[in-house]
Each structure stands twice: as structure tokens, then as C-alpha cells.
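Notes follow once the structure below has been shown.
Fair warning: this is a prediction, and the values are worked out from it, not measured in the lab. Letters go in sequence order (proteins before strands), and every chain restarts at 1. Values below: every heavy atom of this structure, side chains too, minus hydrogens, waters and symmetry copies.
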Amino acid sequence: MDRLRKKVRNLLKDGKVAGYLGYIMKDGHPLPHLFTPERPEEVDQAIVAPGDARYPLDKLLQQLTSGYPDATFAIQVRGCDERGLNELYKWGQLDPEKVVLVGVACPQDQADYCECAGPWPSVIDSGDKCAPVLRSLRVDRIDALSGEAAFQEWMGAFNKCIKCYGCRDICPMCFCKECALEHPDLMSTGKVPPDSIFQLVRAIHMAGRCIDCGLCEENCPADIPLRVLYKKGNALVKDLFDYDTGSLTTGLSPWKFLGEESGMETKPM
Amino acid sequence: MAEKEYEAKIIGFFCNWCTYAGADLAGVSRLQYPANIRVIRVMCSGTVSPHHVLRAFQKGADGVLIGGCHIGDCHYLKGNYMTIKRMTFLQDLLKFTGFEDGRLHLEWISAAEGPKFAQVIREFTEKIKKMGPSRLKIAPKAA
């Protein structure tokens, strides 16, 4: 923690950044907060958010930068947050030149809970690297089910949906101004639970974009296992197009370009 | 009396330049194929979003057939590169969620392939009829 506070203090003092987007402990609650050079004393309360009190900082940063397009901000990132930033750079939503990372490595229990394959960012200012979890047992379990059983399981989950749009609203990667989920020609309006395809439409958008922060699932009042769906989407994108979501080295998302040639074959009937 | 055969409802998204012209050729050649397919003409198979496919299933389609130009023959050069990316991904995602991936099929049919068009429609209709109504259609509604 001291290491992190020291780095933040230096960043603010040197005037390299207009602010640091992190967490503060206020009245016993960990809350997202923008630390500014004008109030350096606040940095003493800067914390690393506990695993069960995370916020979509990437999303807050997008709002900040839309108000202050020329300013540089520092931001606290976990492994997932950094993947999110990388993906947002690729989609043209943020400028990598104007973001400074303050990295936090997740503890082992967090990585196990998330089944996270990359629980630390490229810069670590707090915590130590732990063992990544390379296979998701939750996805494997559904994969092993028969078609009928999988369908029943997913229908049971989808029918609990109350269409609160919480998954979309908290998602750091959902930046569209118009949303397919609200398009009256694509999605029936005025009924709960919504169309069974509601979650699938979102899953399509999340493929190659979801950075597996898990906020959607934690936010869902109906406990729909959204994360399993999106993890599978990313696994498919990896299998089909060899694209690592949130990586800076594997080029653009397969949905962003047509390609020089297509080596894919249609599936037999 | 023999049980009445299930009449499947199939939605076809056909590209204006190849598959739709192929359908035209099948028509003027007077080739017979089942009338279970409802055709929607699109300018390019690459304009068919996975949303449209999912919406078709939601609205009660038992099968969805996407028809486009062969790779390399696209009127817009590379539109069908995106079609195959999207539809292959969607087939796999549907399989994962138990939606029977075989109900979505992608076929390249050129404007010269009238007989192939009739053949594909026959085979696909046969297959969907055998599969019966889609699970999404018969899924119990939540209370």
C-alpha cells in the first residue's frame, strides 16, 4: 500500500498527471475517487479496493477523458482493468498516451474465484504475482452437458432476467451510444423476462471484447452466470481467430477488419 | 392415416448478387424445392448481423439459412469474409447454450448454381423437418 501511495504522490507532485483515479476509504466504505494535485493529503487514504468492492474504473476514466480530452490521468488497474484499457485503445475510446498505470496484482484467492488467466497488470505497484488459473471449470462443466441439458440450464438462468440492463451499464467495455438491446426491431419491448436471446445478443458483443472483470455477474440481481457465457465467447474467439482479448500483441479484434484472405470453410450441413 | 409431416419454418438470408440470383436460376429452370423457406434478400451476406439470426429464432424460425457468394467472388470483394467469421462463431455459441447449432447453416451458392440451390434447400428443409420444432419455440415460458 505504501509503495502505491508513494508512486501516486510522486505522480501528482511532478505534475505528470491531472489526477489519479483510484479508491479511497470513506466512512468505512471503499469508493472510487479522483485524487488531484490540489488535495495531496487525500492520498493517505488511498487504498487498493478489496476484491468484493470493485468498480468499473475503466468506464469512469472514459467519462473523465470525454470531459478533459487533453489531460493525462493515472488509474489503478488490476490485470482485467489493463486488458480493458488495451481493448479500449484498439477501439479508439482512449488514448494510450494519456493514461498512466498504477498496477495492482490480485491475491491468489481472487484469481481462483475469477478463474483468471492474467491476474496481474504489466506494472505492479502493490501485491505480488500469483498463480494464474488457465482453465475455467465453470465453462468445462457446461461444455460437458448434453445439448438438451445445457439448453434447460441456460433457459432457467435467462428466464430469471429482470431486464435491468445492469450487466450492460456496469460493463467497462460497453461504450456504444446506441444499444442493440434497446432496439425495438431486434428485441421485444415491454416484457419480463425479456426475449431468451437477450443474453446471447450481449454475448455476441462481448466476444473478443470482454476482459473478464466479472462485474456484470456480481452486479446481476438475478445471479445469471454471465461470466461463463462471456468466457466461452472469448475462448471461441481464441480458437477460431487466435485472438487474445485485451492483449496488445495480437492485433485488432477479428470483428474490426475483414482480413487479407479467408482461410475458413463453411461447416457441413 | 399417416401422421401429418411437420412443416418447418425456415428463414433464408440470401445475398443479392449470388445466392438470390441462384434462386432465380433455379426458378426459371423450373427446379422443384420445398416451399418451407422464406427468403429475405440482402445486399451482401456480410450485412446479416447475428442479431438478425437470433431474432429469427426468437420469432419462431426452425432453421436459418445464410446464402452468399463463394469466397473471392463477393460483389463487395470481402463482405463474405465477415459472414463466415460471424456465422461460425454464432454456430459455436449456439451449441454451447444448447440451441442446436445445426439449425443455422451457411452455404456459398453462386448465381450459376441453380441446381445446387435447389439441392441445398431440399437437404436443409429435410434436415430441419427431422429435427422438429426448435427448442426455443417449445421452451416453457417463465411463470
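Side-chain contact between B:L136 and A:M155 is present, with at least one heavy-atom pair separated by less than 4.5 Å. The shortest distance between side-chain heavy atoms of B:R135 and A:E148 falls below 4.5 Å. Residues A:M264 and B:Y81 have side chains not in contact (no heavy-atom distance under 4.5 Å, counting atoms from C-beta outward). Using a 4.5 Å heavy-atom threshold, the side chains of B:M82 and A:S262 count as separate. No side-chain heavy atom of A:L236 sits under 4.5 Å from any side-chain heavy atom of B:F96. Looking at heavy atoms from C-beta onward, B:T88 lies out of side-chain contact with A:F241 at the 4.5 angstrom threshold.
Atom-to-atom distance recorded for B:H51:NE2 and A:L181:CG is 7.5 Å, nearest 0.5 angstrom. One finds the CG atom of A:L200 at 11.0 Å from the CZ atom of B:F57 (value rounded to the nearest 0.5 Å). Between the CE atom of A:M269 and the CD atom of B:E126 there is a distance of 11.0 Å, given to the nearest 0.5 Å.
Heavy atoms closer than 4.5 Å to chain B are found nowhere in A:S146, neither backbone nor side chain. Neither the backbone nor the side chain of A:H183 comes within contact range of chain B; no heavy atom of the residue lies under 4.5 Å from a heavy atom of that chain. If you measure heavy-atom distances from A:V192 to chain B, you find no contacts under 4.5 Å at all. With a 4.5 Å cut-off on non-hydrogen atoms, A:E265 touches chain B through its backbone but not through its side chain. Both the backbone and the side chain of B:K78 come within contact range of chain A, with heavy atoms under 4.5 Å apart. For A:L240, the part sitting under 4.5 Å from any heavy atom of chain B is the side chain, from C-beta outward, and nothing else. Using a 4.5 Å cut-off between heavy atoms, A:D185 touches chain B through its backbone atoms (N, CA, C, O) alone. Contact annotation for B:E123: both backbone and side-chain heavy atoms come within less than 4.5 Å of a heavy atom of chain A.
Summarising the local packing, NZ of B:K9 is surrounded by 12 or fewer heavy atoms from other residues, nucleotides or ligands at distances under 6.0 Å. More than 12 heavy-atom neighbours from other residues, nucleotides or ligands sit within 6.0 angstrom of NZ on A:K90.
With hydrogens and angles disregarded, a donor-acceptor distance shorter than 3.5 Å links the side chain of B:Q58 to the backbone of A:S196.
Interface remark: of the candidates B:V120, B:T83, B:D92, B:L77, B:D92 forms the most heavy-atom pairs closer than 4.5 Å to chain A. Contact tally against chain B (heavy-atom pairs below 4.5 Å) for A:G156, A:G259, A:A149: the top residue is A:G259. Of all the listed residues (B:L94, B:L93, B:I71, B:T97), the one sharing the greatest number of non-hydrogen pairs under 4.5 Å with chain A is B:T97. Chosen from A:A203, A:S188, A:A207, A:A180, the residue pairing most often with chain B at heavy-atom distances under 4.5 Å is A:S188. Taking B:Q91, B:E107, B:H105, B:K59 one by one and counting their heavy-atom pairs under 4.5 Å with chain A, the maximum is reached by B:H105. Contact count against chain B (heavy-atom pairs under 4.5 Å) is highest for A:H205 among A:K160, A:H205, A:Q199.
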Discussion item. Evaluate B:M87 against A:T266 for side-chain contact (heavy atoms from CB on, under 4.5 Å), listing each step before the verdict.
Written reply: CA-CA 9 Å; B:M87 294 309 151; A:T266 56; over 6 Å; no

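Both tests do not hold together for B:K137 against A:F151: distance to the six-membered ring centre under 6.0 Å, angle to the ring axis within 45°.
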